[in-house]
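No experiment lies behind these values; they were computed from the predicted model shown.
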Amino acid sequence: MSKIKVKTLTREIVSLTQELGLRAVPEYRTPDGTRIDVAILNGEQRLLAIELEASFKWFPQRLLYDVVKAHRAGFPELWVVSNFSPKPGWIVNYADELGIQLRILEEKEVTGEIKVLSARL
C-alpha cells in the first residue's frame, strides 16, 4: 500500500467540486477551532467532511477524533481516506449514534464518490 498523496488529492477534490458547482475548503476551521482536512459545502450548507489519513499509526484514535470533529462542526457525512485496511470496530456504530454517515475510502475512490455525491443533490 502506498501513502496518500495529500496535497495532490486535495487539489483534485477542490478542482472537481468547483466543476460540479460545489465548494471545497481545504483546512476548514470548525467553530470550536479544530481543523478538517477538506470540507465540501453547497453554499453555506455543510455536506461532507473529508479527513486524509496518510499514516496507520494510532488509526482508531484518529478515526474517533475525526468523527467527533465532523459531528461538532455539523457535518452529516464523513469520509476518511486511507490506503490501509483499517478495522474501525465500534467507531462505526458510534458515528451512527451521532448521526454521522462514516465511510472509509481508498484514495482512488474519492473522485468517483464525489461525483456520486453531487448527483444526489
One should read off an interatomic distance between T30 OG1 and K69 NZ, to the nearest 0.5 angstrom, of 8.0 Å

Sequence neighbours excluded, the answer for ring pair (Phe, Tyr, Trp, His ring centres under 6.0 Å) partners of Y94 is none

Apart from V14 itself, its cluster of hydrophobic side chains linked below 4.5 Å comprises none

Q) Does F59 belong to the same Ile/Leu/Val/Met/Phe/Trp/Tyr cluster as V67, with side-chain heavy atoms less than 4.5 Å apart forming each link? A) yes

Self-check item: Step-by-step side-chain contact (heavy atoms from CB on, under 4.5 Å) determination, R23 to E44
Solution: CA-CA 9 Å; R23 182 168 59 114; E44 292 302 313; 3.5 Å; yes

- Heavy-atom count around R35 CZ within 6.0 Å, excluding the residue itself: above 12? yes

Between D66 and E53 the two heavy atoms that sit nearest each other are OD2-OE2, 2.7 Å

Value for NZ (K115) from CD (E19), rounded to nearest 0.5 Å, stands at 8.0 Å

I would like to know whether N42 and L121 meet side-chain contact (heavy atoms from CB on, under 4.5 Å); could you show each step before the answer? CA-CA 9 Å; N42 186 6; L121 301 176; 4.1 Å; yes

Exercise. Between E109 and R103, does at least one N-O distance fall below 4.0 Å, as a salt bridge requires?
Worked result: no

**Prompt:** Can any side-chain N or O of S118 pair as donor or acceptor with the backbone N or O of I114 at less than 3.5 Å?
**Reply:** no

| query | Judged by atom type as modelled, is there a donor-acceptor pair below 3.5 Å linking the side chain of T10 to the main-chain atoms of V6? | reply | yes

Nearest heavy-atom approach of R46 to P31 is NH2-CG, 4.3 Å

Of all heavy-atom pairs linking E51 and L78, the shortest is CG-CD1, 4.0 Å

Taking the side chain as every heavy atom from C-beta outward, state whether I4 and V81 have any pair of such atoms under 4.5 Å apart.
yes

message: The test is side-chain contact (heavy atoms from CB on, under 4.5 Å); show your working for I40 and I13 and say whether it passes.
response: CA-CA 9 Å; I40 307 294; I13 292 169; 3.8 Å; yes

Item to complete: Would you kindly confirm whether I104 and V116 end up in one hydrophobic cluster when ILVMFWY residues are joined by side chain heavy atoms under 4.5 Å apart?
Response: no

In this structure, CG of L16 is separated from OG1 of T111 (nearest 0.5 Å) by 6.5 Å

Pair E77 + R120: basic N to acidic O under 4.0 Å: yes

Assigning hydrophobic clusters by single linkage (Ile, Leu, Val, Met, Phe, Trp, Tyr; side-chain heavy-atom cutoff under 4.5 Å), is L47 placed with I36?
no

Is there a continuous path of hydrophobic side-chain contacts, each under 4.5 Å between heavy atoms, that joins I91 to L98? yes

Closest non-hydrogen atoms of L41 and F75, given as atom of the first, atom of the second and distance, are CD2-CE2, 4.3 Å

Looking only at heavy atoms, the pair that brings V110 and W79 closest together is O-CZ3, 4.1 Å

Smallest heavy-atom separation, L63 atom then P88 atom, equals CD2-CB, 3.3 Å

Inset, instruction - I would like to know whether E12 and K7 meet salt bridge (charged side-chain N to carboxylate O under 4.0 Å, His left out); could you show each step before the answer? - result: CA-CA 9 Å; E12 288 175 7; K7 290 181 183 178; over 6 Å; no

message: In this structure, would L22 and L9 fall into the same cluster of hydrophobic residues linked by side-chain contacts under 4.5 Å?
response: yes

- With a 4.5 Å heavy-atom cut-off, do L64 and Q61 have their side chains touching? no

